[in-house]
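Every number for a ligand or one of its atoms is a count from 1 in the order of the listing.
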Amino acid sequence: MVSNRLNIVLPLAAAVLVISALAVTVTADYVRPPPRKTLHFPWVSRPSSQPQQVHVSLAGNKHIRVTWITSDSSSPSLVEYGTSPGKYNFRGHGDTTSYSYLFYSSGTIHHTVIGPLEDDTVYFYRCGGQGPELKFKTPPSEFPVTLAVAGDLGQTGWTQSTLEHIDLCQYDLHLLPGDLSYADYIQNRWDTFGELVQPLASARPWMVTQGNHEKESIPFFKEGFESFNARWKMPYEESGSTSNLYYSFEVAGVHVVMLGSYTDYDETSDQYNWLKADLSTVDRKRTPWLLALFHVPWYNSNSAHQGEGDNMMEAMEPLLHAAGVDIVFAGHVHAYERSKRVYNGKSDPCGAVHVTIGDGGNKEGLAHKYKEPSPEWSVFREASFGHGELKIVNSTHAFWSWHRNDDDEPVRSDEVWITSLMSSGCVAEERKEAREILWSP
Ligand SMILES: *[C@@H]1O[C@H](CO)[C@@H](O)[C@H](O)[C@H]1NC(C)=O
Ligand SMILES: [Fe+2]
């Protein structure tokens with residue numbers, strides 16, 4: 001408390017200067033606490049067949065993929081489930097994978113797709129024919145739908161605080177724009193991360209895309225993304241992609257494209273061609289909202305990671321703009337920023353709202369330095385840990401809020417109603433030049 005008070009004076013003076021210099025962008029004067037230490041888990045030894053690190057993700061229409069790890073390789077990839085506790089009327093079988101990395105060998109990683117499932121329904125389940133009963137809720141098939149968003153999570157005391165706050169909100173699905181465990185080559189940190197997030201990730205689908213911390217490549221030896229792909233398998237096959245590093249899915253009336261900042265994106269790349277094909281099949285009557293996630297932001301006025309997204313932006317922004325992407329979520333920069341609707345560096349009524357939300361709580365701490373003056377497109381920026389909630393109310397309105405971890409309380413700090421591009425005639429079907437970009441051979 002005392003040190004907090006002492007710390008207030010200087011930053012406050014700085015903040016007053018900053019605020020008076022910026023007519024439009026809000027830069028808050030909240031005094032940021034320092035990074036917190038990596039959590040250390042009391043590793044309880046368990047029977048080797050006991051399921052660990054359970055998480056669920058969407059796996060195509062009305063299906064969920066359940067993923068867990070066992071120390072032994074002989075326990076079955078069986079998920080038993082049903083809509084009342086202890087009564088498992090349904091069963092699903094899956095398959096397993098594993099990987100080795102230097103001196104580390106992973107446990108057996110089980111992936112089991114179950115369904116068809118009812119919408120907006122709580123299922124009770126257990127993995128491997130034993131272990132504790134868990135439950136998840138499937139997303140609704142119609143609006144409203146609420147998406148929690150937090151990137152660059154890591155596994156520190158701040159991560160825990162962010163997760164606790166997300167747990168307090170009523171949400172249907174978690175979106176993670178890259179940088180999960182911050183294992184950084186130390187593979188058992190993937191395991192501790194899996195344990196840390198299990199209470200949330202086993203209860204709501206987690207949809208993730210990769211960041212730089214997932215790469216873990218070693219020249220001539222490891223290509224990269226080996227642990228990420230083995231542990232966090234996403235529905236890429238279900239969305240016509242050939243790589244776990246980019247895919248799309250639908251939830252309620254929302255089409256979400258998950259892109260890879262660390263795989264090829266130029267106009268001749270597989271990812272580009274897949275994205276173009278995927279966007280050209282979006283039916284805005286069925287999914288009026290269109291979102292995109294990737295790790296490295298395109299609109300970023302923080303000094304950290306300046307310009308790193310430029311090449312991908314140059315290649316792919318015309319496609320996203322043509323398709324009428326409503327909102328883009330990125331991470332990487334450990335701070336929060338929200339833009340106006342922008343395209344090609346300028347305000348544009350048919351552009352996307354870009355949100356940088358790489359402030360989940362990792363060990364590297366916050367990115368405090370901003371470019372001055374603030375660019376015209378930047379509406380709100382603040383270097384604090386926190387999470388976001390996107391409540392899509394209906395086909396035209398969504399309420400976005402960003403909740404900062406104010407010490408340990410979640411404080412709603414930024415909020416805005418966003419109206420869909422569908423409601424302002426900006427979707428591809430209604431614009432000739434957009435049709436030409438998306439549907440040209
Ligand atoms: C959508 O929700 C907004 C905000 O609650 C409301 O003002 C609007 O009338 C709703 N639109 C429709 C078509 O229901
Ligand atoms: Fe990153």
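Checked against the 6.0 Å centroid criterion, the rings of H165 and H403 do not qualify as a close aromatic pair.
Of the possible polar contacts, one joining the T156 side chain to the G361 backbone as a donor-acceptor pair under 3.5 Å is found. N244 places no side-chain N or O within donor-acceptor distance of the main-chain N or O of Y236, the cut-off being under 3.5 Å.
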Contact table, ligand 1 N/O with protein N/O, distance under 3.5 Å:
unit_1	atom_1	unit_2	atom_2	d
ligand 1	2 (O)	N394	ND2	2.3
ligand 1	11 (N)	N394	ND2	2.9
ligand 1	14 (O)	N394	ND2	3.4

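The set of protein atoms (N, O or S) found at less than 2.8 Å from the Fe ion (ligand 2) reads D179 OD2, N212 OD1, H295 NE2, H332 ND1, by chain and number.
Applying the disulfide bond (SG atoms under 2.5 Å apart) definition to pairs two or more places apart or across chains, those involving residues 299-365 are C350-C426. Applying the ring-ring contact (aromatic ring centres under 6.0 Å, His included) rule to pairs touching residues 257-283 yields Y246-W274, sequence neighbours excluded.
For the atom pair CD1 of I392 and CD of E142, the computed distance is 14.0 Å after rounding to the nearest 0.5 Å. With rounding to the nearest 0.5 angstrom, the CG atom of L390 is 11.0 Å from the CG atom of L173.
A cation-pi arrangement is absent between R404 and Y336 under the rule of less than 6.0 angstrom and at most 45 degrees off the ring axis.
Between D179 and the choices H334, Q210, H295, the side chain to side chain donor-acceptor pair (under 3.5 Å) rule is met once, by H295.
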